[in-house]
Amino acid sequence: MRRCFARPAACTTLQAFGYGRSTATDLGRINRQSSRLPTPHSPLPQTMPRIRDLLHSGQPGQTITVQGWVRTKRETKGITFLEVNDGSSMVGLQVVLNTDMTHYDTVVKALTTGSSVEIGGDLVESPGKGQRVELQGQTLTVFGIADGETYPLQKKRHSFEFLRSLGHLRARTNTLGAVFRVRNACAQAIHQFFQERGFLWMHTPIITASDCEGAGAMFAVTGLDLTQVPRTAEGQVDYSQDFFGKPAYLTVSGQLEAEIMAMAFKDVYTFGPTFRAENSNTSRHLAEFWMVEPEMAFCDLVGNMDLAEDFLKYIFSSVLNACPEDMEFFNQRIDDSVLATADNIINNTFERIAYTEAVKLLEKADKSFEFPVQWGIDLQSEHERYLAEELFKKPVIVTDYPTGIKAFYMRLNDGGETVAAMDVLAPKVGEIIGGSQREERLDVLERRIQEAGLPIGDYWWYLDLRRFGTVPHAGFGLGFERLVQFMTGMGNIRDVIPFPRTPDSIEF
RNA sequence: UCCUCGGUAGCUCAGUGGUAGAGCGGUCGGCUGUUAACCGAUUGGUCGUAGGUUCGAAUCCUACCCGGGGAGCCA
């Protein structure tokens, strides 16, 4: 590409060109007919049609301007085809450039995959196969060339491992583009689902005061100079000199705070970032991920299950509706069960079964498990998948788990052997949602905190909720990236979040 | 953290002790409408790093680094 710039003919079209607040390089505005002057356009983005809309509803005869990045260029002797993509859809707009354009030899030939362009012209019916309409290019502005020798994205399939090393460029690929459109549609659907039902979105804190949340290793947050940590007389870190005057961490859950807000607004939800410092190196774990946690007052476990089922059906329907091409792509190229799975979620009533019953079914199963089943142990991934995939062949909600394997805040059932917990198990992925009815009885909750060996003083406000106007309530948690993984069929969670954070990895 | 597989051209990979390869990409040329265009030519490497065995190491050994998959933990 540098060689092209060195050509005298190309150099004559080079000039600094102020463009809005940024400076772009104008490689040339090219007129098909030399008598026609370039028409300066408004730089306001909202005046530019998105390629998605042009492909769906653009009419031949429209004069349009599009902006985007060149995905491919196909050249023949007398004509050049560009596919321009602006991220609004999987498929790009085909642009036809004829050799009689001014500067064709210098500018059009210089265009490479990855270059940024603005092209004006007429939308016409495409005589070729593969697209309804195409853009007959008349003016072309090149904002930036992507040097073909060094631009790492090629017109071929790349491994996801390789694309992960290109976190700043991979969103321009078909698959990651589809992932992030689906992710957006999914987030939008989540808000819409809750807002339609009167839930309030609550921003629970990201920095939390103590580790009483009790769910996994936490990242410490400190303002102390780590090269000169103040010590107490006993040699411990003197947190009284730290920013908050006590140890602080990044949140691992917004649930306890959501419970506070549910005691005022009945139905609330959180949707925000969550952090786990666990050294988990798997395709299903991130150190920073987004979590959705609805919490409902005056609600029991059955109401919780109803909400979880409605929730998944709604999200899947919405995303299929919003991103049909992307979902079709996932089904074709990533996992051919994506659409069947979505259909299964949307059109089946979820099976509901108590843990004790599930264990009996697993014991009777004509199948040998790596981990033998026994009442009292937590279900392994292989057990969950057997229930959802082989036995019921649809989503299964398992309820009433043994008290010993679940968290202290889950409501104790009569007899005390089980708690009102629920896990939604889905074919292909296993647990997708985990939740419970919360313990609303003060005396029971106090006993459970003590039995768990937790510092009861730290929970004074949580216990106050039971002292003052307590109410049965319930909620669940859902890992947002796992939902996106589930919907798209993407195998690695690092490929459904724009900038994954995992142990020893925090690029971009 | 444990188990396991891997690291060779820009990318995807072949090469199991004897002169480092293919496809794709890039570049150049050709081709009147292409669809991951096509055809021809060409470019391209400290074989993850360090040490060792050997006449000779991409290949065998040791350590380390990085990545994939699985497990645990979990969402």
Side-chain angles (χ1 to χ4, degrees), chain A residues 1-4 71-83 91-100 109-110 112-114 124-131 134 136 146-166 173-174 214-217 251-255 270 273-293 333 370-371 378 380-382 384 405-407 423-424 426 429-435 476-486 491-497 502-505 507:
Chain A
M1 202 47 255
R2 301 270 186 265
R3 264 169 285 162
C4 283
R71 278 289 177 82
T72 73
K73 181 170 83 165
R74 294 180 287 269
E75 243 177 319
T76 67
K77 192 176 185 183
I79 196 167
T80 290
F81 298 93
L82 300 180
E83 188 180 330
V91 181
L93 181 66
Q94 172 156 290
V95 177
V96 184
L97 301 173
N98 291 94
T99 48
D100 54 357
K109 294 219 168 196
T112 53
T113 299
V124 298
E125 219 167 288
S126 177
K129 286 178 184 169
Q131 59 280 316
E134 65 190 19
Q136 183 66 54
D147 181 356
E149 285 181 12
T150 51
Y151 184 60
L153 295 178
Q154 302 171 0
K155 291 185 285 187
K156 57 170 280 195
R157 192 181 148 70
H158 289 293
S159 67
F160 292 124
E161 293 81 15
F162 173 65
L163 290 176
R164 255 171 247 151
S165 70
L166 302 173
T173 64
N174 281 342
T251 185
V252 293
S253 164
Q255 181 200 314
T270 72
T274 311
F275 309 87
R276 300 281 166 89
E278 223 93 63
N279 189 13
S280 295
N281 234 312
T282 82
S283 57
R284 298 166 58 74
H285 287 87
L286 292 165
E288 177 183 288
F289 62 100
W290 287 62
M291 191 150 66
V292 180
E293 295 172 291
R333 304 289 284 271
E370 191 186 341
F371 296 91
D378 206 357
Q380 299 290 320
S381 183
E382 56 176 344
E384 297 178 340
I405 59 172
K406 290 291 183 181
D423 282 355
V424 181
V429 292
E431 183 184 335
I432 183 82
I433 283 178
F476 62 79
L478 163 119
F480 181 59
E481 283 75 16
R482 286 191 181 172
L483 179 64
V484 178
Q485 247 191 302
F486 183 33
N492 196 309
I493 201 166
R494 294 163 205 188
D495 301 322
V496 298
I497 187 168
T502 56
D504 282 323
S505 172
E507 284 297 309

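Bear in mind the structure is a predicted one, so any value in this text is a computation, not a measurement.
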If I pick the C1' atom on B:U62 and the same atom on B:A22, what distance separates them, to the nearest angstrom? 33 Å
Please name the nucleotide paired to B:A14 by Watson-Crick or G-U wobble geometry with both distances under 3.5 Å, or report none. none
Donor-acceptor pair present, A:Gln154 side chain and B:G10 base, under 3.5 Å: yes
Under 4.0 Å, heavy atoms only, any strand: does A:Ser165 hit a base, just the sugar-phosphate, or nothing? nothing
Within the 4.5 Å heavy-atom criterion, are A:Glu293 and A:Phe476 side-chain neighbours or not? no
So, is A:Arg494 close to the B:G68 phosphate, meaning a side-chain N or O under 4.0 Å from OP1 or OP2? yes
Selected nucleotide, minimal atom distance to A:Ser283 side chain, candidates B:G33, B:U27, B:G70: B:G70
Select base, sugar-phosphate, or nothing to describe what A:Gly434 touches, counting heavy atoms under 4.0 Å on all strands. nothing
Between A:Arg74 and A:Thr72, does any side-chain donor sit less than 3.5 Å from a side-chain acceptor? yes
Protein-nucleotide distance (A:Lys129, atom NZ; B:G33, atom C1'), rounded to Å: 12 Å
For B:G10 and B:C5, measure between their C1' atoms and round to the nearest Å. 25 Å
Is it the case that the base of B:G33 and the side chain of A:Glu134 share a donor-acceptor contact (distance under 3.5 Å, atom types as modelled)? yes
Would you check, one step at a time, whether the test side chain to side chain contact (heavy atoms under 4.5 Å, CB included) holds for A:Arg494 with A:Thr502? CA-CA 8 Å; A:Arg494 294 163 205 188; A:Thr502 56; 3.6 Å; yes
Heavy atoms from C-beta onward define the side chain here; which of B:G68, B:G72, B:C11 lies closest to that of A:Lys156? B:C11
Here's a test for you: under side-chain hydrogen bond (donor to acceptor under 3.5 Å, both in side chains), which of A:Thr113, A:Asn174, A:Thr173 qualifies with A:Arg71? A:Asn174
Atom pair distance, as rounded to whole Å: CD in A:Glu384 and C1' in B:C74: 11 Å
With nearest nucleotide decided by heavy atoms, which residue, A:His158 or A:Ser505, maps closer to the 5′ end of RNA chain B? A:His158
When we call it a touch if two heavy atoms are under 4.0 Å apart, what does A:Leu286 touch: a base, just sugar-phosphate, or nothing? base
For the side chain of A:Ser126, starting at C-beta, report the closest nucleotide among B:G70, B:U34, B:G26. B:U34
Report which part of the nucleic acid A:Glu83 touches: base, sugar-phosphate, or nothing (heavy-atom distance under 4.0 Å, all strands). nothing
Using atom CG of A:Leu153 as one end and atom C1' of B:C24 as the other, report the distance to the nearest whole Å. 15 Å
Rounding to an integer number of angstrom, what distance separates B:G25 and B:C61 when you compare their C1' atoms? 37 Å
To the nearest angstrom, how far is A:Glu507 atom CD from B:G67 atom P? 10 Å
Expressed in angstrom and rounded to an integer, what is the separation of A:Leu163 atom CG from B:G68 atom P? 13 Å
Around A:Glu125, counting heavy atoms of other residues, nucleotides and ligands shown, do more than 12 lie under 6.0 Å from its CD? no
Under 4.0 angstrom between A:Asn492 side-chain N/O and B:G69 OP1 or OP2: yes
Would the base of B:C74 count as contacting A:His285 through its side chain, where contact means a donor and an acceptor less than 3.5 Å apart? yes
Is there, by distance only and without an angle test, a donor paired with an acceptor across the side chain of A:Glu278 and the base of B:U1 below 3.5 Å? no
Look at A:Thr282 and B:G72 and indicate whether a side-chain polar atom (N or O) is within less than 4.0 Å of OP1 or OP2. no
Check whether any side-chain nitrogen or oxygen of A:Thr72 sits under 4.0 Å from OP1 or OP2 of B:A36, and answer yes or no. no
Going by modelled atom types, is there a donor-acceptor pair between the base of B:C74 and the side chain of A:Ser280 at under 3.5 Å? no
In whole Å, measure the gap between the P atoms of B:G69 and B:A50 for me. 28 Å
Distance, C1' atom - from B:C47 to B:U19, rounded to whole angstrom: 15 Å
Under 4.0 Å between a side-chain N or O of A:Lys77 and OP1 or OP2 of B:C31? yes
For A:Gln94, answer base if it contacts any base atom (sugar-phosphate contacts may also be present), sugar-phosphate if it contacts only those atoms, and nothing otherwise; contact means non-hydrogen atoms under 4.0 Å. base
Mind checking A:Phe162 for me? I need base, sugar-phosphate or nothing, with any heavy atom below 4.0 Å counting as a touch. sugar-phosphate
Pairwise P distance, B:U8 and B:U4 [rounded to whole Å]: 22 Å
P atoms of B:C39 and B:C24, separation to the nearest Å: 8 Å
Strand partner of B:G44, provided both Watson-Crick or wobble distances fall under 3.5 Å: none
Comparing A:Arg284 with A:Lys155, nearest RNA chain B nucleotide closer to 5' gives the residue A:Lys155
Under a 3.5 Å cut-off for both contacts, is B:G67 paired Watson-Crick or G-U wobble with anything, and if yes, with which nucleotide? B:C5
Has the side chain of A:Glu75 got a donor or acceptor atom sitting under 3.5 Å from an opposite partner on the base of B:U34? no
Answer yes or no: is there a side-chain heavy-atom contact under 4.5 Å between A:Leu478 and A:Leu483? yes
Give a yes-or-no answer on whether the side chains of A:Gln485 and A:Asp495 include a donor-acceptor pair shorter than 3.5 Å. no
Does A:Arg164 place a side-chain N or O at less than 4.0 Å from the phosphate oxygens OP1/OP2 of B:G68? yes
Taking pairing as Watson-Crick or G-U wobble with both contacts under 3.5 Å, can you name the mate of B:U54, or confirm there isn't one? none
Provide, to the nearest angstrom, the distance between the CD atom belonging to A:Gln255 and the P atom belonging to B:C74. 15 Å
Look at all strands and tell whether A:Pro152 reaches a base, only sugar-phosphate, or nothing, counting heavy atoms closer than 4.0 Å. nothing
Please test A:Val96 against A:Phe81 for side chain to side chain contact (heavy atoms under 4.5 Å, CB included), starting from the C-alpha separation and ending with a verdict. CA-CA 5 Å; A:Val96 184; A:Phe81 298 93; 4.0 Å; yes
Watson-Crick/G-U partner (both atom distances under 3.5 Å) of B:G29: B:C39
